[in-house]
Amino acid sequence: MSMALEVIGLSPAGLNGIPATDPDKIAAAERSGEIAVELVRKNLKPRDIVTGKALENAIRAVGATAGSTNAVLHLLAIAREFDLPLEIEAFERLGESTPVIGNLIPGGSYAALDLYKAGGIALVLRELAAGDLLHLNEQGVDGRTMGEIASQANERAGQDVIRPINNPIKKTGGLTVLRGSLAPEGAIVKLAGHERRHHSGPARVFDSEEAAFAAIRANGIVAGDVVVIRYEGPVGGPGMREMLAVTAALVGQGLGDEVALITDGRFSGATHGFMVAHISPEAALGGPIALVHEGDTVTIDVDSHELRIEVAESELATRRAAWRAPAPRYAGGVWAKYAALVSSASDGAITTGVRLAKALKGSTDR
Amino acid sequence: MSKNPYDRASDPAKRHSAAMTDGPDRAPARAMLKAVGFTDEDLAKPIIGVATTWIETMPCNLNQRELAEAVKRGIRRAGGTPMEFGTISVSDGVAMGTEGMKASLISREIIADSIELVSMGHSFDGIVCLTGCDKTSPGAAMALGRLNIPGLVLYNGTILPGSYKGKDVTVQSVFEAVGSYNAGKITAEELWDLENAA
């Protein structure tokens with residue numbers, strides 16, 4: 001997200017990437033303080049800077065660097081807090097037309113530190129501009145436009161972290177959107193670090209991360225399986241846990257290329273493999289992922305953007321009629337408060353969204 | 001004849017904070033702020049909040065107090081008055097795989113809420129948010145969107161990888177090594193060495 005914040009203009013360009021222990025970070029912090037006062041003098045506000053085009057730039061930059069699925073959730077949330085329209089489809093539309101040029105972990109070879117040494121985010125902007133994939137006139141907090149930042153990029157000779165836009169690592173982005181009978185409101189699939197586009201296999205169903213992790217530890221998952229982890233969504237968890245321990249355990253067992261995993265929870269940026277997250281609606285709200293039975297065939301097909309269950313609609317209707325919402329995992333405290341307000345992952349999982357609006361409407365109806 | 005101490009033109013850039021600091025009615029607030037150490041000159045300038053997400057539960061945010069001092073120097077140099085405050089953060093790397101991981105995304109909302117509340121509560125004219133790991137950067141951006149007062153986010157910088165058998169290793173390497181250990185591919189000693197190196 002540190003890159004995305006520079007690209008949407010809220011962080012001074014080039015300053016986020018300076019490593020924590022680099023003496024230049026202190027100067028960057030001093031400069032940031034000065035910029036803040038300049039912004040106050042000019043009365044240049046965040047909503048003047050973050051526009052729909054700025055969000056598109058950020059989505060492109062995230063795609064070009066094979067950024068994490070969390071970036072989708074956060075950009076959807078940021079858009080809503082700025083009152084800007086942004087639907088999950090934007091990540092498909094822009095992701096599919098943005099080549100991956102960043103050779104970055106977990107799918108690639110280099111870390112954030114290497115990107116900084118190679119020339120930083122300005123290089124990404126320069127290549128996006130070269131591919132006519134950047135809105136050049138969007139402004140950042142330091143007063144420069146994205147076009148100016150791109151043109152002032154300072155590339156270290158021989159660097160291999162950011163490829164030229166015409167010689168990408170992959171022709172399309174590191175993630176895209178799926179829909180279908182298991183995700184009517186959308187889901188995100190990771191495409192970085194592997195070439196898999198299709199997987200069909202038996203569902204191995206777990207109603208919590210712990211249950212899935214225990215099965216993997218006991219060597220209970222085999223090649224071909226589709227690991228389903230549900231009731232881990234924004235409301236169900238609550239809080240959409242990241243399944244890194246599970247996905248890393250699968251990779252550690254050598255199953256990373258042989259299985260798929262789908263969840264209404266989240267993934268860490270460090271997760272890699274053929275993995276689908278943010279399935280909406282979530283299980284706790286009666287989403288179809290709640291209706292999957294052990295052994296059902298689940299299909300992930302990236303080319304048709306589909307996540308589907310190979311079970312007849314009549315059977316699904318029977319299951320839907322029999323489904324009962326489980327009792328909330330927590331009766332009070334911050335968990336319960338959050339679960340009562342949080343919106344779906346396809347709406348950024350914010351607490352100031354549609355469910356709050358509904359609660360407010362209820363309070364005036366009384 | 002002494003001049004009325006409250007008879008002082010307000011800086012036009014104090015779009016919000018003038019309501020907190022200017023005029024005789026605000027004497028109680030000024031008394032509180034002077035007890036912190038702020039002077040009349042400080043309070044006549046635009047007031048910029050400096051939010052940190054400093055916490056001792058992870059390495060990722062540890063430099064923020066030092067960076068906050070630098071941000072404050074920059075603010076003073078440019079003619080503003082900084083007021084530092086802390087918000088929360090939750091380490092994904094530490095919480096991962098436990099019930100505590102449910103706190104991670106929730107923390108994003110609390111970070112946004114707390115930056116919003118402190119800034120509204122103290123009539124800041126601007127805001128600088130220092131962020132580090134995980135949900136702190138999006139939380140800060142969301143707060144800026146809600147507040148819409150001039151401001152920015154500065155990420156405190158990536159932490160350095162460790163080195164194990166000549167290769168760079170991070171906490172991601174350790175997560176995957178847990179899977180390798182459980183599959184019998186590495187020994188407990190190798191896992192422990194990696195944990196200490198990453």
Side-chain angles (χ1 to χ4, degrees), chain A residues 1-2 5 10-12 15-16 18-22 25-26 28-41 43-47 50 74 77-78 81-82 106 111-113 141 213 217 237-242 244-245 248-254 266 268 270 334-335 338 349 351, chain B residues 13 15 46 48 63 66-67 70-75 77-80 82 92 96-97 101-106 108-109 112 125-128 130 137-138 141-142 144-161 168 170 172 175-183 185:
Chain A
M1 281 308 290
S2 81
L5 290 192
L10 284 180
S11 290
L15 301 192
N16 279 357
I18 301 170
T21 47
D22 191 316
K25 200 78 196 187
I26 296 293
E30 291 181 357
R31 179 72 195 119
S32 296
E34 292 173 352
I35 291 171
V37 178
E38 291 161 16
L39 291 170
V40 169
R41 294 259 171 236
N43 200 23
L44 187 64
K45 294 183 282 218
R47 291 186 181 202
V50 180
H74 298 325
I78 290 166
E81 299 290 10
F82 277 82
L113 180 62
V141 282
F213 189 74
R217 267 196 73 166
M240 283 187 97
R241 279 192 289 187
E242 292 179 352
L244 176 58
L250 287 171
V251 170
Q253 288 201 354
R266 291 186 294 139
S268 158
V334 65
W335 310 112
Y338 178 84
T351 48
Chain B
R15 290 181 188 83
I48 318 289
N63 63 342
E66 189 188 359
L67 290 185
V71 169
K72 287 154 72 174
R73 281 196 298 278
I75 289 171
R77 194 187 294 155
D92 288 13
M96 194 73 68
M101 190 59 201
K102 294 175 182 176
S104 164
L105 188 59
I106 301 177
R108 189 190 71 181
E109 306 302 300
D125 300 303
I127 180 93
V128 175
L130 285 168
S137 291
M142 288 161 69
L144 286 176
R146 293 185 195 170
L147 286 162
N148 201 31
I149 59 172
L152 59 87
V153 181
L154 178 67
Y155 170 62
N156 66 209
T158 184
I159 55 174
L160 301 178
D168 280 359
T170 66
Q172 180 189 347
F175 274 108
E176 293 181 2
V178 172
S180 301
Y181 168 69
N182 287 324
K185 293 180 179 173

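Letters go in sequence order (proteins before strands), and every chain restarts at 1.
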As an exercise: rank B:Y181, B:F175, B:Y155 by heavy-atom pairs under 4.5 Å with chain A and give me the winner. B:Y155
Which one, B:G79, B:G151, B:A177, B:G126, leads in non-hydrogen pairs under 4.5 Å with chain A? B:G151
Give the minimum heavy-atom separation between A:I78 and B:A141, together with the two atoms involved. CD1-CB, 3.7 Å
Taking all non-hydrogen atoms of both residues into account, name the closest pair between A:Y338 and B:E109 and its distance. CE1-CG, 3.8 Å
Any donor-acceptor pair under 3.5 Å from B:K102 side chain to A:R241 backbone: no
Could you have a look at B:P161, B:S180, B:A103, B:P150 and say which one has the most heavy-atom pairs with chain A under 4.5 angstrom? B:P150
Heavy-atom pairs under 4.5 Å with chain B, option from A:N43, A:L5, A:T351, A:L250 with the top count: A:N43
Under a 4.5 Å heavy-atom cutoff, which of A:L10, A:I35, A:V334 has the most pairs with chain B? A:L10
Is it the side chain or the backbone of A:L244 that comes within 4.5 Å of chain B heavy atoms, both, or neither? both
Ranking B:I149, B:I159, B:V178 by heavy-atom pairs under 4.5 Å to chain A gives rank one to B:I149
Of all heavy-atom pairs between B:M96 and A:A245, which one has the smallest distance, and what is that distance? CG-N, 4.0 Å
Between B:T158 (side chain only) and A:P19 (backbone N and O only), is there a donor and an acceptor less than 3.5 Å apart? no
Closer than 3.5 angstrom, by distance alone: can the side chain of B:R108 be matched with the main-chain N or O of A:A349 as a donor-acceptor pair? yes
Is there a side-chain contact between B:L147 and A:P46 in this structure, where contact means two heavy atoms from C-beta onward sitting under 4.5 Å apart? no
Smallest heavy-atom separation, A:R47 atom then B:R146 atom, equals NH2-CA, 4.4 Å
If you define the side chain from C-beta out and look only at heavy atoms, does anything of A:H74 sit under 4.5 Å from B:S137? no
Between B:L105, B:N148, B:D125, who has the most heavy-atom pairs with chain A when the cutoff is under 4.5 Å? B:N148
As an exercise, state the distance from OG1 of A:T21 to CG of B:L160, rounded to the nearest 0.5 Å. 4.0 Å
So for A:I18, is it side chain, backbone, both, or neither that comes closer than 4.5 Å to the heavy atoms of chain B? backbone
If you count heavy-atom pairs under 4.5 Å with chain A, which of B:A112, B:A13, B:P46, B:A70 comes out on top? B:A70
Sort B:V128 into side chain, backbone, both or neither according to what part of it lies under 4.5 angstrom from a heavy atom of chain A. side chain
NZ-CG distance between A:K25 and B:N63, expressed to the nearest 0.5 angstrom: 7.5 Å
Given 3.5 Å as the limit, does a donor-acceptor pair link the side chain of B:N182 with the main chain of A:R217, or not? no
Heavy-atom proximity to chain B below 4.5 Å, by part of A:V40: both
Which one, A:S2, A:A28, A:A248, leads in non-hydrogen pairs under 4.5 Å with chain B? A:A248
Options A:A77, A:G237, A:A29, A:A36, ranked by heavy-atom pairs under 4.5 Å with chain B, top entry: A:A29
Rounded distance (nearest 0.5 Å) linking atom CG of B:L154 with atom CZ of A:R31: 12.0 Å
A:L39 side, atom CG; B:I127 side, atom CD1 - distance, nearest 0.5 Å: 12.5 Å
Between B:K185 and A:G254 the two heavy atoms that sit nearest each other are NZ-N, 3.6 Å
If we define contacts as heavy-atom pairs under 4.5 Å, which of A:S268, A:A112, A:P238, A:A111 has the most with chain B? A:P238
Any idea which heavy atoms bring A:F82 and B:L144 closest together, and the distance? CZ-C, 4.1 Å
